[in-house]
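Step one of this worksheet: look at the structure below.
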Amino acid sequence: MKLAYYPGCSLKGTSFEYEVSLLKVLEVLNIEIKEIPDWNCCGASAAHSINHNLSVALPARNLAIAENNGFENVLAPCAACSSRLKTANYELGSDDVLRKKITDSLDMPYNASLGVSNMLEFLLNAVGKENIKSHIKRPLNGIKVASYYGCLLVRPPKIMKFDDPENPVSMDELVSLTGATAVDYPYKTDCCGAINSLSKPDVVMALTGKVLYNIKEHGADLVVVACPLCHSNLDVRQREIERKYSERIGLPVIFITELLGLSFGLSPEELAIDGHMVNADKILQKILAASR
Amino acid sequence: MKTIINEQDRRNFVSQVETMLHDKLAKCYQCGKCSAGCPVNFEMDYTPNQIIKMTELGMQDPVLNSKTIWLCVSCNTCSTRCPKGFEVAGIMDVLREIATRKGIESKTEKEIQVFHKVFLDNVKSNGRIFELELVGKYRLKTKRLFRDMFLAPKMIEKGKLRMSGDKVSAINSIAKIFRDFE
Ligand code: SF4
Ligand code: SF4
């Protein structure tokens, strides 16, 4: 399997923990990936919000470089990037006029032959449950974990073609594989406010707060995510939300790769869990103590 | 608000939107399901289904000047749930793009507009996002110099804010994309 890796900007910056833990987990699984040479930003929400052509052309450059380098599949761990790459791929594959316009500008051919996977899709379909299970050295028994999917992993279903858009279960399945208990709660696909984090913080805090308090009520010890934007709203803004609503939350938010890494027996430091804003020491101690 | 709309203007607007959207406004039967599930409906001046109807009626000014089109966070809940398969999230993109091309400045949601613009400028000059520069420029432009400042020290301590960003080496290819499509 020739697998290209599209890190995207967040994994090289504010969500470096995601990349660190991803690379560690793939090392354990003995899976090789190769970063797309000289990749560029996918344009994220800004491009599709105000300029449709740019929202296709920016991801298309990455897709074309990967295809022309002989790759068949791309892993885009950031949910926002995977959604932009998949959307561009869908449009390029179904609209010949648009594809010509874009490839002319890029001065590179693109046949829309690539497959794009988000993190969960990759873990469940390409790596496989049995393979993951065979690497579990430190089962996370007794830890209650809420999976937060947000929007971009599953919507719009026409393009994402992954899991159920109203009641996804893929991340919960991964949680169960680690031995942890998957916590069910109603807001797992409700939006955190995503892109408007900087420009509309009050709205974002209302939306994110609703999700976090709901998770708390359902008794989770920990939240897992597969999106840097979700992570930064749930983790980085959590203190501020607690202050705003005068009610403690205290929920560590970690990436799915970090949860898997812990169950593979890796240390919290190796997985960069100390890079998060909400302190996870208490639950980590519980996990480490149980495995001793 | 203009109440009498010229039929030709109405048709032109509808046709512009439908061409960009690759969908038909008449598909919507105004059930309101999109608006019921919209996470930011409480902040909007018109609900998503109202925006669709107003567009169909040719009410260009209120639609393009609405708070709604900028408050929409593209969560796609609406399109996913629409029983008619109408591109509700898509129409928000289309209307934002038309408003942007017309140079319409939102009176209430200017910060969101500035954010998109500063973001794309950052991509244009580096090929990738350099978060510190993005946030700095956004703050300068919106004069919100100190908002969220208290987060910075801890983010730096945690290694979340890098002091320099990576650039795309073939930056000419990025410049060309912007020349062709901006
Ligand atoms: S859900 Fe669909 S049909 Fe119903 S009002 Fe919204 S766009 Fe119209
Ligand atoms: S995509 Fe926009 S309009 Fe649709 S539900 Fe989400 S925020 Fe509301």
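Atoms considered below: every heavy atom in the structure, side chains included; atoms not considered: hydrogens, waters and symmetry mates. A, B, ... follow the sequence lines: proteins, then strands. Residue 1 opens every chain.
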Does the side chain to side chain contact (heavy atoms under 4.5 Å, CB included) test come out yes or no for A:E91 and B:H22, once each step is laid out? CA-CA 11 Å; A:E91 294 192 19; B:H22 300 290; over 6 Å; no
[X] portion near chain A, given a 4.5 angstrom heavy-atom threshold:
{"X": "B:S169", "value": "both"}
{"X": "B:V168", "value": "both"}
{"X": "B:F130", "value": "neither"}

Minimum heavy-atom separation for [X] and [Y], please, with both atom names.
{"X": "B:F178", "Y": "A:L58", "answer": "CE1-CD2, 4.2 Å"}
{"X": "A:H48", "Y": "B:S74", "answer": "CE1-OG, 3.1 Å"}
{"X": "B:F119", "Y": "A:C41", "answer": "CE2-SG, 4.0 Å"}
{"X": "A:P156", "Y": "B:T80", "answer": "CA-OG1, 4.0 Å"}
{"X": "B:S173", "Y": "A:R61", "answer": "OG-NE, 3.0 Å"}

If you count the non-hydrogen atoms of other residues, nucleotides and ligands that lie under 6.0 Å from [atom1] in [X], is the total more than 12?
{"X": "B:K27", "atom1": "NZ", "answer": "yes"}
{"X": "A:K244", "atom1": "NZ", "answer": "yes"}
{"X": "B:K137", "atom1": "NZ", "answer": "no"}

Could you walk me through whether B:V73 and A:V204 pass side chain to side chain contact (heavy atoms under 4.5 Å, CB included), step by step? CA-CA 10 Å; B:V73 285; A:V204 167; over 6 Å; no
Can you measure from [atom1] ([X]) to [atom2] ([Y]) and round to the nearest 0.5 angstrom?
{"X": "A:D107", "Y": "B:I177", "atom1": "CG", "atom2": "CD1", "answer": "11.0 Å"}
{"X": "B:D93", "Y": "A:I50", "atom1": "CG", "atom2": "CD1", "answer": "10.5 Å"}
{"X": "B:I129", "Y": "A:C9", "atom1": "CD1", "atom2": "SG", "answer": "5.5 Å"}
{"X": "A:N51", "Y": "B:R101", "atom1": "CG", "atom2": "CZ", "answer": "7.5 Å"}
{"X": "A:L54", "Y": "B:E97", "atom1": "CG", "atom2": "CD", "answer": "8.5 Å"}

What part of [X] is in contact with chain B, defined as an atom under 4.5 angstrom from a non-hydrogen atom: side chain, backbone, both or neither?
{"X": "A:D190", "result": "neither"}
{"X": "A:V154", "result": "neither"}
{"X": "A:K101", "result": "both"}

Winner by heavy-atom pair count (cut-off under 4.5 Å) against chain A, out of B:E43, B:M92, B:R81: B:R81
Please determine, among B:V123, B:T100, B:T77, B:N126, the option with the most heavy-atom pairs under 4.5 Å with chain A.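 Maximum pair count with chain A is reached by B:T77.
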Does [X] reach the main-chain N or O of [Y] with its side chain, forming a donor-acceptor pair under 3.5 Å?
{"X": "A:N40", "Y": "B:I174", "answer": "no"}
{"X": "B:R96", "Y": "A:S49", "answer": "yes"}
{"X": "B:R128", "Y": "A:W39", "answer": "yes"}

Any side-chain heavy-atom pair from [X] and [Y] closer than 4.5 angstrom?
{"X": "B:V40", "Y": "A:L207", "result": "yes"}
{"X": "A:V56", "Y": "B:F181", "result": "no"}
{"X": "A:H52", "Y": "B:M20", "result": "no"}

Could you pull out all residues at least two apart from B:E109 that satisfy side-chain contact (heavy atoms from CB on, under 4.5 Å)? A:K200, B:K67, B:W70, B:L71, B:S106, B:I112
Looking at A:K12 and B:E131, is any side-chain nitrogen of the basic one under 4.0 Å from a carboxylate oxygen of the acidic one? no
Could you have a look at [options] and say which one has the most heavy-atom pairs with chain B under 4.5 angstrom?
{"options": "A:G150, A:S55, A:P37, A:A47", "value": "A:A47"}
{"options": "A:S45, A:P157, A:G13, A:C191", "value": "A:G13"}
{"options": "A:N53, A:L106, A:T14", "value": "A:T14"}

Quick one: which residues of residues 267-277 of chain A reach chain B at under 4.5 angstrom, heavy atoms only? A:D274, A:G275, A:H276, A:M277
Kindly determine whether A:C151 and B:N76 satisfy side chain to side chain contact (heavy atoms under 4.5 Å, CB included), including the steps that lead there. CA-CA 7 Å; A:C151 313; B:N76 261 294; 6.0 Å; no
